[in-house]
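Worksheet: the structure to be examined is printed underneath.
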Number of protein chains: 2
Amino acid sequence: MRSDAARNRETLVRAAGDALAESGLDVPVAAIADRAGVAKGTVFRHFASKDELVVTVVAGLIDDLASRAEALLSEPDPLVALRDFVAAGVELQARDLAFCQVAATAEQQVPGLGDRRERLEQIAEVLAGRAREARAVRDDVTGRDVVGLMTAAYQGASAAGDPSRWPWFLSVLVDGLRPRPHRDAPR
Amino acid sequence: MRSDAARNRETLVRAAGDALAESGLDVPVAAIADRAGVAKGTVFRHFASKDELVVTVVAGLIDDLASRAEALLSEPDPLVALRDFVAAGVELQARDLAFCQVAATAEQQVPGLGDRRERLEQIAEVLAGRAREARAVRDDVTGRDVVGLMTAAYQGASAAGDPSRWPWFLSVLVDGLRPRPHRDAPR
DNA sequence: ACCTGAACACCGTTCAAGT
DNA sequence: ACCTGAACACCGTTCAAGT
């Protein structure tokens with residue numbers, strides 16, 4: 001690849017990252033091209049479709065999140081690790097509209113992120129497993145559930161009319177994860 | 001209004017309701033017109049824009065949900081009433097893709113539903129107030145929060161890869177609403 | 001090899017022509 | 001008064017022409 005092409009590609013990814021974070025998945029390709037200072041056609045020389053560019057950007061966001069999650073593996077308190085992981089995902093949704101949309105129902109709309117999703121689920125499963133073993137959470141909490149908690153907390157707060165209320169939703173969810181007392185046991 | 005026009009309008013709303021439930025907010029106007037057996041232009045004779053047609057349909061769904069919620073006012077157990085209300089909202093999301101999208105971040109995308117939202121929040125506030133007074137939930141739960149729980153439960157399950165798992169998310173959320181023990185009290 | 005911008009397809013919206 | 005379908009604007013995508 002020629003050096004000017006490599007530079008254009010990188011500029012495009014950065015411009016797309018900014019535009020997607022601000023304006024979400026519906027941002028026109030022309031707006032991204034303008035921001036990068038290239039013609040529309042150049043976008044399609046580097047990416048087969050708008051979706052492929054979106055996937056490149058969002059995959060980078062998920063990779064960053066996964067790295068942060070791996071750092072939490074050294075947190076001694078398993079419930080704190082779990083909560084901080086979910087909080088990191090929620091903060092990313094608050095900061096990046098495109099990720100927020102992908103994390104919500106849009107996930108079906110943007111295929112090609114399956115592998116990143118799996119990586120995230122695997123780390124989440126380790127965190128969930130430690131919390132289960134420590135009896136800090138219900139024994140039926142899976143890694144997938146933990147990933148779902150990120151979306152639940154932010155979308156819940158957002159639907160309640162105040163996205164900044166997400167810590168409240170997160171605390172409700174984390175409280176709700178605690179092991180349930182055996183109600184069917186004899187009193 | 002001429003009787004044929006009234007019939008067309010009603011056919012359009014029904015066709016739009018079906019198409020939106022199945023295919024979501026991105027369903028083309030042409031698909032709705034086809035399903036109703038009219039020309040595209042007729043849609044815009046009855047509705048100023050696609051959005052106005054969408055609002056008409058979704059407002060009807062929310063009105064139905066609000067009616068179901070009002071029926072729950074006669075439920076004696078306030079926590080059961082709260083849970084059933086949220087469950088009704090979740091089931092609507094599972095059944096209707098357009099409502100699901102509106103309940104998620106799309107709410108900003110479809111304005112004109114503010115009044116319906118308020119009605120729902122008011123009923124939710126009554127249900128929340130009863131549960132608070134009965135000490136069945138934390139004393140900081142608002143009606144808006146309860147509306148947010150509907151989205152949180154469904155979007156959480158959906159993001160966890162299995163929308164049918166929503167009852168699990170709902171049970172976690174409802175458990176999490178229980179009054180927190182005073183941790184700062186002397187042991 | 002790469003970039004550009006004109007051209008095309010698709011979809012929401014408008015409107016002149018019909019009934 | 002209402003309906004129709006051609007026409008227009010917008011945006012994702014393609015590609016012939018340039019460098």
Side-chain angles (χ1 to χ4, degrees), chain A residues 1-59 97-98 101-102 106 108-113, chain B residues 1-59 97-98 101-102 106 108-113:
Chain A
M1 187 184 296
R2 243 161 53 180
S3 69
D4 58 340
R7 207 176 321 121
N8 270 343
R9 197 195 136 95
E10 189 167 349
T11 308
L12 267 172
V13 172
R14 206 186 315 273
D18 293 344
L20 286 165
E22 265 179 47
S23 310
L25 300 173
D26 287 337
V27 70
V29 170
I32 297 172
D34 282 355
R35 202 188 270 247
V38 299
K40 256 195 313 184
T42 305
V43 175
F44 294 95
R45 172 150 193 92
H46 291 280
F47 302 93
S49 63
K50 179 186 176 183
D51 259 23
E52 196 178 297
L53 173 54
V54 169
V55 165
T56 302
V57 168
V58 176
L97 183 53
Q101 292 171 321
V102 169
Q108 311 117 359
Q109 293 164 26
V110 183
L113 289 170
Chain B
M1 188 185 294
R2 243 160 55 179
S3 69
D4 56 341
R7 208 177 320 120
N8 270 343
R9 196 195 136 95
E10 189 166 349
T11 308
L12 266 172
V13 172
R14 208 186 315 272
D18 293 345
L20 286 165
E22 266 180 45
S23 310
L25 299 174
D26 286 336
V27 69
V29 169
I32 297 172
D34 282 355
R35 201 188 271 246
V38 300
K40 255 195 314 184
T42 305
V43 175
F44 294 95
R45 170 149 196 94
H46 290 282
F47 302 93
S49 64
K50 179 186 176 182
D51 258 23
E52 196 179 295
L53 173 55
V54 169
V55 165
T56 301
V57 167
V58 176
L97 183 53
Q101 293 172 320
V102 170
Q108 311 117 359
Q109 293 166 27
V110 183
L113 289 170

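Atoms considered below: every heavy atom in the structure, side chains included; atoms not considered: hydrogens, waters and symmetry mates. In what follows, chains carry the letters A, B, and so on, assigned in the order in which the sequence lines appear, proteins first and then strands, with residues in each chain numbered from 1.
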Worksheet item: Does D/dC3 have OP1 or OP2 sitting under 4.0 Å from an N or O in the side chain of B/N8?
Response: yes
Practice prompt. Determine: side-chain N/O of B/R2 to OP1/OP2 of D/dC2, distance under 4.0 Å, yes or no.
Written response: no
Discussion item. On the nucleotide C/dT4, are OP1 or OP2 found under 4.0 Å from the side-chain N or O atoms that A/T42 carries?
Written reply: yes
Response to the item:
With the side chain defined as heavy atoms from C-beta on, B/A39 is closest, among D/dG5, D/dT13, C/dG12, to D/dG5
Worksheet item: Is B/H46 close to B/V38 at the side-chain level, that is, under 4.5 Å between some pair of heavy atoms?
Response: no
Item to complete: May I ask you to say what B/V43 touches in the nucleic acid, namely base, sugar-phosphate or nothing, with a heavy-atom cut-off under 4.0 Å?
Response: nothing
Worksheet item: Between CG of B/L20 and CG of B/L25, what distance do you get to the nearest 0.5 Å?
Response: 6.5 Å
Worksheet item: Just how far is it from atom CG of B/D4 to atom OG1 of B/T11, taken to the nearest 0.5 Å?
Response: 10.5 Å
Fill in: Options D/dG12, D/dT13, C/dC2, nucleotide nearest the side-chain atoms of A/P28
D/dG12
Fill in: Contact summary for A/T56 and A/R9, nearest pair of heavy atoms
CG2-NH2, 4.2 Å
Practice prompt. Report the distance from atom CZ of B/R7 to atom P of D/dA1, rounded to the nearest whole Å.
Written response: 18 Å
Worksheet item: A/D26 CG to D/dC11 P: how many Å, rounded?
Response: 11 Å
Discussion item. How many whole angstroms separate atom CZ of B/F47 from atom P of D/dC2?
Written reply: 13 Å
Worksheet, complete the sentence: Here the distance between atom C1' of C/dC11 and atom CG of B/D34, to the nearest Å, is 13 Å
Item to complete: Calculate the interatomic distance between A/R45 atom CZ and D/dT14 atom P; express it in whole Å.
Response: 13 Å
Worksheet, complete the sentence: Assign each of B/R9 and A/F44 the nucleotide of DNA chain D bearing its closest heavy atom; nearer the 5' end lies the nucleotide of B/R9
Worksheet, complete the sentence: For DNA chain D, the dot-bracket notation using Watson-Crick and G-U wobble pairs below 3.5 Å, [ ] for pseudoknot-type crossings and | for other-strand pairs, is ||.|||||...|||||.||
Worksheet item: Do B/F47 and B/V55 have side chains that get closer than 4.5 Å, going by heavy atoms?
Response: no
Worksheet, complete the sentence: Taken to the nearest whole Å, CG/B/L25 to P/C/dC11 is 16 Å
Practice prompt. Among C/dG12, D/dG12, D/dC2, find the nucleotide with the atom closest to the side chain of B/A5.
Written response: D/dC2
Discussion item. A quick test of your reading: do over 12 heavy atoms of other residues, nucleotides or ligands sit less than 6.0 Å from CD of B/E52?
Written reply: yes
Worksheet item: Within this structure, what is the NZ-to-C1' distance between A/K50 and D/dC11, rounded to whole angstrom?
Response: 9 Å
Worksheet item: Is the distance from OP1 or OP2 of D/dC2 to the nearest side-chain N or O of B/H46 less than 4.0 Å?
Response: no
Worksheet entry | Protein-nucleotide distance (A/K40, atom NZ; C/dC8, atom C1'), rounded to Å | 11 Å
Worksheet item: So, the side chain of B/K50 versus the backbone of B/V43: is there a donor-acceptor pair under 3.5 Å, distance only?
Response: no
